[in-house]
Amino acid sequence: MDAARRNSRSIPTHVAALVALLWFALPARGADYSPDVVKAAYLVRFAGYVDWPERMPADAPFIIAVLGSPGVARELRHLLPGHPVNGRLAEVREITGAQDLAKPQILYVGAGRAEYLRAAFPATELASILVVTDEEGGLNAGSALNFLTIDRRVRFEVSLTAADRSGLKISSDLLGVAVRVHGGGRQSRDACSPFNTFDPGDGGCACERLPA
Amino acid sequence: MSPRKKPALLACAVLLNGFGAWSAAQGGEAVSEDITRMSLADLANVEVTSVSKSNEALQGASAAIYVISHDDIMRSGLTSIPDVLRLAPNLLVTQVSASQYTIAARGLGGNQPAQNFPNKLLILIDGRSVYSPLFSGIYANTIDVMLEDVERIEVISGVGATLWGANAMNGVINIITRPSYLTPGSFVDGGAGNQVQSLGARYGDRIDADTTFRVYGFEFHRGAMEMGDGSSAHDGWSKGQGGFRSEWSADRDTLTVQGDIYRGTENELANSDGLVLGGNMLTRYQHHGSSSDLQVQAYYDQTEQFGPGPEGLGFVVHTYDVELQQTLAAGRYNRIIWGAGERVNSYGIANSPTLLFEPSHHALTLANAFIQDTATLAKALNLTVGIKLEDDPWSGWSPLPDARLTFSVDDRTTVWAAASRAIRAPTPFDDEVVEKIGSITYLAANTEFRPERVTAYEFGVRAQPQPGISLSVAPFYNVYDDLRTIELAATPTGLPYYWGNSMRGDTYGVDAWADWQVNQWWRLSPGFSWVRERLAFKAGASEILGLAQAADDPSSHATLTSSMNFPHHLTFDATARYVGALPSPSLPHYYDLDARLGWQASSAVELSLSGANLLHARHTEFPGDEQITRSVFAEARCRF
């Protein structure tokens with residue numbers, strides 16, 4: 001009777017001891033990224049794969065606007081200083097509505113806000129802006145890119161029709177990494193424009209080739 | 001552990017924890033530098049910490065929705081849908097036999113000995129309703145899907161809003177699988193343990209720029225439960241299932257076609273088998289316009305069950321369903337969703353001498369139409385008003401209104417409130433069943449049986465008080481009427497009994513859960529549910545079997561899930577659960593633990609060792625003699 005009782009108590013004790021040992025023995029896993037960091041890095045990377053229709057003055061900043069995601073805005077604020085995007089100084093602007101928009105190059109719309117984007121931002125205001133949503137079905141709000149989290153990885157899908165509508169050209173290399181591409185658009189899938197890579201040390205333009 | 005060892009261990013722990021914290025701080029800086037050097041392809045392969053449970057897309061939702069994510073399922077070590085549903089703190093899942101479970105939310109979970117089965121939940125798989133139209137309950141052996149391809153399971157406790165459909169009286173379980181374009185490649189999964197052995201595979205591919213598909217198959221064997229004296233309950237069962245899903249998508253249109261077939265056998269008595277089999281095919285077309293969305297869906301479902309032996313009940317149900325739904329914007333501040341649908345359940349029952357349905361073959365038609373408007377009243381205030389008209393067999397048209405208010409207090413806090421009505425429409429079990437002992441009819445059909453009704457008042461708060469902590473609290477107050485009771489006929493003996501609607505009452509309680517990212521590698525998710533039932537007979541009720549016939553529910557149940565990520569791609573997850581005592585028939589409270597140790601050995605292979613019901617060699621969850629035993633399971637998953 002006593003042996004049985006001791007036995008039935010020993011399993012939870014052993015489990016607790018094992019967990020405690022692991023907790024204290026192994027250093028915290030620093031290499032696990034938060035989704036916000038990965039999305040911020042993506043947004044900056046996307047800039048190198050998109051052609052905007054209008055040429056900006058050489059000293060105009062590259063603006064990434066963020067609607068409804070303090071997390072991604074915070075990560076962008078960490079990433080951007082000291083890292084030019086497409087040869088320009090980049091900054092992040094948090095906005096709360098169409099009235100704050102002021103012509104950014106990229107607009108990131110946080111999860112749950114795509115409906116608000118569709119309702120409150122007229123299509124004319126979004127011309128020439130790369131709009132990136134972040135929820136299931138986000139492309140229905142008219143965005144050109146939409147983040148999806150699959151199996152603990154952040155992936156994205158592309159709507160070439162929306163990109164066309166906004167006057168943007170998207171490199172086929174970006175399409176190659178996308179999980180899904182909607183619409184054919186007028187864009188040639190073979191085109192690869194010369195873009196800057198992200199590494200500021202590389203002065204010239206280079207097309208980033210992805211592994212096959 | 002001897003008392004002498006404790007202080008030494010503690011000192012060790014403090015030192016190592018300090019080291020851990022220091023190395024984490026070092027790690028933080030390195031992260032930012034690393035990620036800016038990554039290419040697109042690298043970013044696409046980075047593993048992220050699980051997305052916070054408070055899925056922001058649900059922030060505006062005005063209901064108590066708990067989402068079981070794909071990740072939660074993969075890390076749990078659980079191998080069947082009913083076990084996976086235990087992860088939702090707002091559901092009470094009780095294992096009755098090796099293949100049957102009862103699933104309930106917010107009380108009124110039924111009382112099996114009084115023939116009152118849990119019958120107040122709507123459960124859907126990809127839009128296909130899978131609760132049984134014969135008695136409104138769920139046959140847990142018919143709701144399996146390939147767990148690897150589940151995108152998420154939404155568990156809504158509370159009256160299903162106008163949108164959901166028939167039988168959503170206490171809640172809705174919505175099992176959503178991934179579209180085929182999100183499941184490319186091959187997946188093979190095999191596992192063995194002392195209770196469960198299983199094997200499964202799935203292959204997905206793209207046919208052309210617009211078309212993708214996947215095919216899958218799995219089979220498992222689950223061992224029998226044990227009787228109180230250690231002998232086998234002889235209810236072990238096996239099931240094989242296969243199916244496919246395909247998507248064709250152009251720019252604004254998507255066409256989904258999917259189907260499954262399954263067959264299971266159960267060894268209920270030592271020398272004869274029970275059989276369950278079924279198949280379904282579903283087509284869904286979605287069109288996304290610039291200001292409106294349209295969805296049309298049609299499905300056919302066939303399900304058959306045959307009990308073992310000559311006395312066993314057998315039935316086949318064919319379901320034909322067509323539904324349409326449109327979402328459109330009306331001006332800047334209104335969003336309207338409206339829809340209509342029709343369902344035919346055609347069934348045939350093999351009557352046994354003790355349990356008969358008259359007529360034994362019948363076709364029931366359900367129809368519904370609904371409209372709902374979500375109006376933005378002010379910057380952070382939304383009001384949704386809707387009404388559903390449901391036409392049910394025997395009871396005709398019922399109006400089911402629904403009103404919900406959502407207020408975003410700030411960026412991280414949402415408050416919502418709702419008032420709505422739902423019914424459980426009469427089923428053949430209510431209106432057509434006849435039960436006999438020998439030649440005496442002791443229960444006869446009542447074609448006057450009215451729908452059970454509920455008016456629900458709900459309220460909720462969803463908040464993220466700090467980064468890394470999210471919580472949801474949803475109190476409720478439900479008023480029930482016309483609950484089913486056993487009534488006496490106006491004969492000298494009182495026989496035959498019949499089903500009446502002579503109970504009413506109210507229930508109130510709360511569903512609450514939280515998510516706490518303790519540190520970078522550890523997440524804790526507690527959940528809790530409490531309900532108090534106050535039921536009473538109406539005037540003229542027979543009061544046979546007492547108020548207990550309505551429900552044998554624990555007043556509370558709770559879960560706690562811990563998720564840990566360790567170096568070298570090791571993960572450790574555990575879920576502890578507690579279920580309070582059952583009143584009548586009585587059963588003491590119980591608690592138990594499931595756990596899983598996983599190792600991503602390479603990019604293609606994941607190995608794991610999991611255990612279920614670990615704390616006790618055997619325990620009982622359901623009044624009766626059957627006991628659930630401790631089990632272990634080793635599994636390998638390969639993706640290539």
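No hydrogens, no waters, no symmetry mates; every other heavy atom, side chains included, goes into these values. In what follows, chains carry the letters A, B, and so on, assigned in the order in which the sequence lines appear, proteins first and then strands, with residues in each chain numbered from 1. Keep in mind it's a predicted model, so treat the numbers as computed, not measured.
Of the two parts of B:Asp210, neither the backbone nor the side chain holds a non-hydrogen atom closer than 4.5 Å to a non-hydrogen atom of chain A. Of the two parts of A:Arg155, only the side chain, counted from C-beta on, holds a non-hydrogen atom closer than 4.5 Å to a non-hydrogen atom of chain B. Contact annotation for B:Ala44: both backbone and side-chain heavy atoms come within less than 4.5 Å of a heavy atom of chain A. Neither the backbone nor the side chain of A:Leu139 comes within contact range of chain B, judged by heavy atoms closer than 4.5 Å. Interface residue B:Thr254: only side-chain heavy atoms are found under 4.5 Å from chain A.
Most heavy-atom pairs under 4.5 Å with chain A: of the set B:His70, B:His288, B:Met74, B:Glu151, this distinction falls to B:His288.
Side-chain rings of B:Phe566 and B:Phe572 stay apart, their centers remaining 6.0 Å or farther from each other. Ring centroid separation for the pair B:Tyr591 and B:His619 does not come in under the 6.0 Å cut-off.
For B:Arg596 and B:Glu606, the salt-bridge test passes: some basic side-chain N is under 4.0 Å from an acidic carboxylate O. Salt-bridge check for B:Arg202 with B:Glu148: passed, with a basic side-chain N closer than 4.0 Å to an acidic carboxylate O.
A distance of 4.0 Å separates CD1 of B:Ile176 from CZ of B:Arg152, quoted to the nearest 0.5 Å.
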